[in-house]
Participant: 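Dumping the structure here so I can ask a few things about it.
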Amino acid sequence: MVPGIVPWRAALRSRHLRRRLCTAVRRPLVLGIETSCDDTGCAVVDGAGRVLSDVVHSQLQVHLDHGGIIPPIARDLHAQNIGAAAERALRDAGVSLTELDAVAVTVRPGLSLSLLVGLRHARLLARQASLPLIPVHHMRAHALTVRMAAPEVAFPFLTLLISGGHCLLAVAQAPDRFLLLGASRDDAPGEALDKAARRLKLRNLPECATLAGGRAVELLAARGDPHAFEFPLPLSQYRDCSFSFAGLKFTAQKLAASEEQRHGVVASGVVPTAADLCASLQHAVARHLCHRTQRAMDYCQARGLLPDGARRLVVSGGVACNGYITSCLRRVGEALGFEVHVPPPRLCTDNGVMIAWKGVELLRVGRGGTHDLDSVDIEARSPIGTDVSQDVADMSLKCKWVKLTGPAAQPQ
Ligand code: KG4
Ligand code: ZN
């Protein structure tokens with residue numbers, strides 16, 4: 001606790017700070033900076049997992065206008081916003097730079113141009129206040145966020161990370177020790193949902209105009225029939241934990257085109273069967289994710305990777321905001337005896353909180369970052385951990401799939 005760090009007038013205005021007045025701030029106090037993709041996130045988190053500030057500047061609308069993320073545009077927007085976002089995060093938290101214990105920043109994986117903006121700003125702040133800099137792996141940070149509010153999620157646990165750029169299954173053994181069981185061979189699920197939303201022109205529906213593609217698909221899917229259109233089951237002949245979403249993306253785009261033709265829809269029109277198509281695509285994505293996750297659960301069991309009686313699955317990343325997908329995963333968890341943990345949607349998408357928290361976790365295990373600021377660099381590609389996907393494939397586990405719809409199955 002730093003005595004007197006909270007300005008009282010600011011404190012009374014802020015919900016976070018009002019809460020803080022009742023509970024002492026716990027060390028370490030870390031500023032997290034996230035710029036790996038299209039969100040500029042800055043946040044201050046304390047050692048008890050309390051969020052003292054959470055600033056996210058989203059570039060979503062600009063990228064929706066361009067039909068996807070254009071790296072130099074993303075970089076320029078990060079550069080325009082990072083200074084104000086970091087300042088605001090400190091102001092909202094009621095702390096000055098010198099009162100922090102460290103600055104944590106995403107350095108891998110991600111878009112190089114975007115990562116560089118965050119790293120340079122983090123270096124600047126760390127230099128100004130002689131603070132250590134903690135380099136953070138974006139995907140590991142997604143996996144650990146849930147532990148802020150649910151400390152009972154102890155290591156090791158299984159994690160499924162699903163976003164616009166990533167899809168992987170891993171076992172988290174420690175804050176910086178992961179085993180990779182499988183990843184996508186091509187696209188991520190968010191990419192398939194985003195491109196389907198774009199091809200269906202969902203932006204032209206007022207209720208979807210400002211939504212991320214995946215969220216727009218979910219909204220429409222709620223009033224559609226998940227069995228109206230047939231989608232292939234990717235990689236069904238491979239008994240491993242790898243993923244593929246390119247086929248689902250292609251099928252969705254092809255179906256959108258043929259439905260437009262069938263219904264004579266032109267220009268900015270949306271096909272009348274869009275809800276059914278969204279529901280069917282969402283179900284196909286959920287089914288593929290569930291199958292690979294079920295095999296990962298069996299693999300963990302076969303290799304004794306998780307403690308009996310405390311088997312947990314953590315789902316995170318932007319696509320984990322999807323209630324249909326997580327409810328299907330919960331059914332798989334229930335049937336196989338896994339607790340399923342999903343952070344609240346705000347913490348599933350990219351944000352500075354998860355980066356700050358990862359910094360806290362690393363400081364706790366003595367991996368406290370570095371004062372040699374120039375030794376920290378970015379890496380566009382970076383595996384989450386030791387790759388055991390060949391071992392998963394070699395075991396060739398045959399699974400009896402848990403039913404995702406209808407009455408729930410009994411736990412095994
Ligand atoms: O983790 P994230 O914010 O950024 C990346 O690292 O990619 O994830 C963004 C992705 C986008 O593809 C977006 O469409 C998807 O998450 N997403 C959703 C939902 N909300 C965001 N996908 C499905 N259902 C949602 N409700
Ligand atoms: Zn992410």
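Ligands are counted one by one from 1 in listed order, and the atoms in each one are counted from 1 as well. FYI, the numbering just counts along the sequence from 1. All heavy atoms count here, side chains included; hydrogens, waters and symmetry mates do not.
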Participant: Heavy-atom contacts with D194 under 4.0 Å: which atoms of ligand 1 show up? List them by number with element.
Facilitator: 11 (C), 12 (O), 13 (C), 14 (O)
Participant: Give the atom numbers and elements of ligand 1 that come within less than 4.0 Å of a heavy atom of T349.
Facilitator: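 Contacts of ligand 1 toward T349, numbered from 1: 3 (O).
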Participant: With respect to the Zn ion (ligand 2), what is the nearest N, O or S atom of D350?
Facilitator: OD1
Participant: So, for F229 and F231, is the gap between ring centers shorter than 6.0 Å?
Facilitator: no
Participant: With a cutoff of 4.0 Å, is Q282 in contact with ligand 1, counting heavy atoms of the residue only?
Facilitator: no
Participant: By atom name, which N, O or S atom of H142 is the nearest to the Zn ion (ligand 2)?
Facilitator: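 Per the distance ranking, H142 contributes NE2 as its closest N/O/S atom to the Zn ion (ligand 2).
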Participant: To the nearest 0.1 Å, how far is atom 7 (O) of ligand 1 from its closest protein heavy atom, and which atom is that?
Facilitator: G164 N, 2.8 Å
Participant: Considering only heavy atoms, does R215 approach ligand 1 within less than 4.0 Å through its side chain, its backbone, both, or neither?
Facilitator: both
Participant: Any atoms of ligand 1 less than 4.0 Å from a non-hydrogen atom of A212? List them with their elements.
Facilitator: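 Those qualifying, in numeric order: 13 (C), 14 (O).
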Participant: Does an N or O anywhere in G214 fall below 3.5 Å from an N or O of ligand 1?
Facilitator: yes
Participant: Would R177 and F155 count as a cation-pi pair here, with the cationic atom under 6.0 angstrom from the ring centre and within 45° of the axis?
Facilitator: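 No, cation not above the ring by the 6.0 Å, 45° rule.
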Participant: Please determine if D46 and R26 form a salt bridge, counting it only when a charged side-chain N lies under 4.0 Å from a carboxylate O.
Facilitator: no
Participant: May I ask you to list the atoms of ligand 1 that are less than 4.0 angstrom from any heavy atom of G165?
Facilitator: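 Under 4.0 Å from G165, ligand 1 has these atoms: 7 (O).
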Participant: Suppose I only count heavy atoms of L193 and a 4.0 Å limit; which atoms of ligand 1 are within that range?
Facilitator: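 Here the atoms of ligand 1 in question are 22 (N), 23 (C).
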Participant: State the atoms of ligand 1, each with its element, that fall below the 4.0 Å cut-off from a heavy-atom position in G190.
Facilitator: 12 (O)
Participant: What atoms of ligand 1 come closer than 4.0 angstrom to any heavy atom of H142?
Facilitator: 1 (O)
